[in-house]
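All figures in this text were calculated on a predicted structure; none of them were measured in a lab.
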Amino acid sequence: MKKIISCVLSLLGLAVMANAQVLPSEQMKNTAWTGLGCPIDGDIMFYGFTDTFQSRFDRGKFTVEAMLNWSFLSYYDDNGDMDHFVFGTSNLNPLSIKYGTRNGGYIAGDNKVSSAEAADAYAATGINPSDQANVSNTIQDSYYVNFIYHLNKNFDFGVGTKLNWQVGPAPRYGSWLWESDAHVRQGGFSTSYDDRSGVLWTTSSEETHSYRFSVDAPGSADVVGFVPYANKYAKRAAGFRFVADDNVLEIGAALPNGFNTDDFVVNSGIKFAPAEWILLAASIEGAFDDAANFYTGATLGMKNFILDLYFAADTLFTDADDDQAYGTGAAITFTIPNTKISLRPELGINFFQNDNYTPAWYTGAEFDLPLTKQLALNIWGSFAVGSKDKRWDDSDSTKDWGTGHIIDIRPALTFDYSKNTTFAVYIDFEQRTAFDDISRHCWSTGLFWTYIF
């Protein structure tokens with residue numbers, strides 16, 4: 001199984017220009033970014049700078065992991081004119097200006113997506129549509145800190161803000177915005193779920209989002225319908241896991257941030273690899289709670305062909321009617337023999353217990369082509385179709401409303417200057433059509449410089 005997992009990681013790593021997930025081995029990494037673009041219905045703007053420093057140290061039985069993301073963001077006034085720069089750590093990213101923000105702050109032109117008539121339709125139908133592009137899913141971690149104690153070669157105890165203990169494949173969602181596997185998030189498919197924090201509930205000392213998932217109603221953002229997946233059983237949490245020799249079996253459990261003794265809840269996961277060519281996984285997020293999320297997945301691997309499959313269900317065991325959501329999908333990674341040329345198409349379908357909500361789906365593909373030993377081309381694109389409320393057809397003011405969709409494509413060139421230094425440049429174009437058929441587009445371009453110590 002080690003061979004298959006290594007193959008998967010190497011294929012995905014070709015396109016990762018600056019991986020800001022938890023580091024896989026002892027190292028220090030720094031990534032600097034700068035860029036500009038044209039937000040939805042806005043003027044070309046300079047977004048600013050961001051720098052992400054990560055480190056991992058393995059000392060005896062201890063592993064310490066940390067990241068700090070600081071930025072020098074351009075601040076624009078209501079007229080779209082640059083007013084000043086804002087320096088500091090933040091969960092905002094310069095790419096969030098690609099859409100603008102909902103409540104002032106980093107203004108990026110007119111980020112309204114829906115028509116003015118949508119507000120009038122609300123009064124007549126009771127539907128509450130949003131007139132803005134989804135911005136919340138461009139927010140990212142401003143830091144993470146993890147401490148892991150290896151009791152012996154098979155048992156780990158960890159506590160941290162981003163443990164990322166994952167058991168199986170799922171739609172590639174939740175990575176840093178510049179990563180190739182962030183296209184579902186960057187595409188703006190709305191969700192109430194916050195994959196970054198892994199928090200059961202807010203605590204008295206910390207403001208954070210929650211993974212208590214609720215299905216976004218069609219119209220609550222310009223395009224909605226993405227369902228999250230609980231394949232990471234330990235994120236912001238205290239966790240314990242057993243990993244058998246050769247990674248044949250992993251079993252783990254975690255208490256998420258916000259756990260309290262009056263409302264017992266636990267996350268758990270299992271991963272089983274009985275042979276080199278197969279991996280089976282399952283997990284539950286929020287066990288014993290009234291809104292648990294369930295996940296199961298599998299990876300089937302051969303020399304130049306890897307198949308990922310998954311099924312997930314959210315908001316289980318609640319007393320509310322029509323509040324559950326489900327998702328299933330697959331991804332296939334092809335590699336041309338004796339080369340590093342690869343293609344990875346994927347497809348996901350999300351459907352809902354509420355019969356009035358139509359299924360939502362997305363498809364995407366990533367292509368990696370090494371041009372020389374130092375230069376590589378990566379292209380990814382996605383097409384996402386949201387969900388609509390069938391009841392819209394019953395009113396003259398909303399009968400023309402539909403699902404909404406998003407088209408996104410991003411080519412990138414990566415140059416390995418040395419074994420420690422990598423440069424990457426990309427351009428991203430996105431066309432968005434909201435549920436009421438109003439279309440906008442935006443683009444951005446940027447430069448990354450990654451240095452590994």
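- Residues Tyr357 and Arg391 are in side-chain contact: their nearest non-hydrogen atoms beyond the backbone lie under 4.5 Å apart.
- The main-chain N or O of Ala281 is never found under 3.5 Å from a side-chain atom of Tyr295 such that the two would form a donor-acceptor pair.
- Side-chain atoms of Asp436 and Trp401 form no donor-acceptor pair, as typed in the model, at a separation below 3.5 Å.
- Taking the six-membered ring wherever Trp is involved, the centroid distance between the rings of Phe147 and Phe157 does not fall below 6.0 Å.
- Separation of the Phe435 and Trp392 ring centroids falls under the 6.0 Å cut-off.
- With a 4.5 Å cut-off on side-chain heavy atoms, Phe294 and Glu285 do not count as touching.
- With no hydrogens or angles considered, a side-chain donor-acceptor pair links Tyr144 and Gln54 at under 3.5 Å.
- Here the two rings, on Phe334 and Phe305, have centers that are under 6.0 Å apart.
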Exercise for review: Just do the side chain to side chain contact (heavy atoms under 4.5 Å, CB included) check on Arg432 and Ser439 with the steps written out, would you?
Suggested key: CA-CA 5 Å; Arg432 308 172 67 92; Ser439 295; over 6 Å; no
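- You'll find the ring centres of His405 and Phe383 inside the 6.0 Å limit.
- Ring centroid separation for the pair Phe453 and Tyr451 comes in under the 6.0 Å cut-off.
- No side-chain heavy atom of Ile284 sits under 4.5 Å from any side-chain heavy atom of Asn267.
- Side-chain contact between Gln324 and Leu316: present, with at least one pair of heavy atoms (C-beta onward) separated by less than 4.5 Å.
- Aromatic pair Tyr426/Phe448: centroids less than 6.0 angstrom apart.
- No side-chain heavy atom of Leu347 sits less than 4.5 Å from a side-chain heavy atom of Tyr362.
- Among Thr89, Thr50, Thr31, the single residue meeting the side-chain contact (heavy atoms from CB on, under 4.5 Å) criterion with Asn69 is Thr50.
- Between Phe288 and Val266 the shortest side-chain heavy-atom distance falls below 4.5 Å.
- Electrostatic pairing of Asp368 and Lys340 does not count as a salt bridge here, judged by no charged N lying under 4.0 Å from a carboxylate O.
- Residues Trp361 and Phe351 fail the side-chain proximity criterion, which asks for heavy atoms closer than 4.5 Å.
- A salt bridge does not link Asp393 with Lys399: every distance from a Lys NZ or Arg NE/NH1/NH2 to an Asp or Glu carboxylate oxygen is 4.0 Å or more.
- With hydrogens and angles ignored, the 3.5 Å screen pairs a side-chain donor or acceptor of Asn154 with a backbone N or O of Val243.
- No side-chain heavy atom of Leu151 sits under 4.5 Å from any side-chain heavy atom of Lys61.
- Donor-acceptor pairing under 3.5 Å is lacking for the side chains of Thr161 and Arg236.
- A centroid separation of 6.0 Å or more is found between the aromatic rings of Phe367 and Trp380.
- Counting only N and O atoms by type, the side chains of Thr299 and Asp308 include a donor and acceptor under 3.5 Å apart.
- A salt bridge is defined here as a Lys NZ or Arg NE, NH1 or NH2 lying under 4.0 Å from an Asp or Glu carboxylate O, and Glu366 with Arg410 fails to meet this definition.
- At distances below 3.5 Å, at least one donor-acceptor pair connects side-chain atoms of Asn152 with backbone N or O atoms of Phe155.
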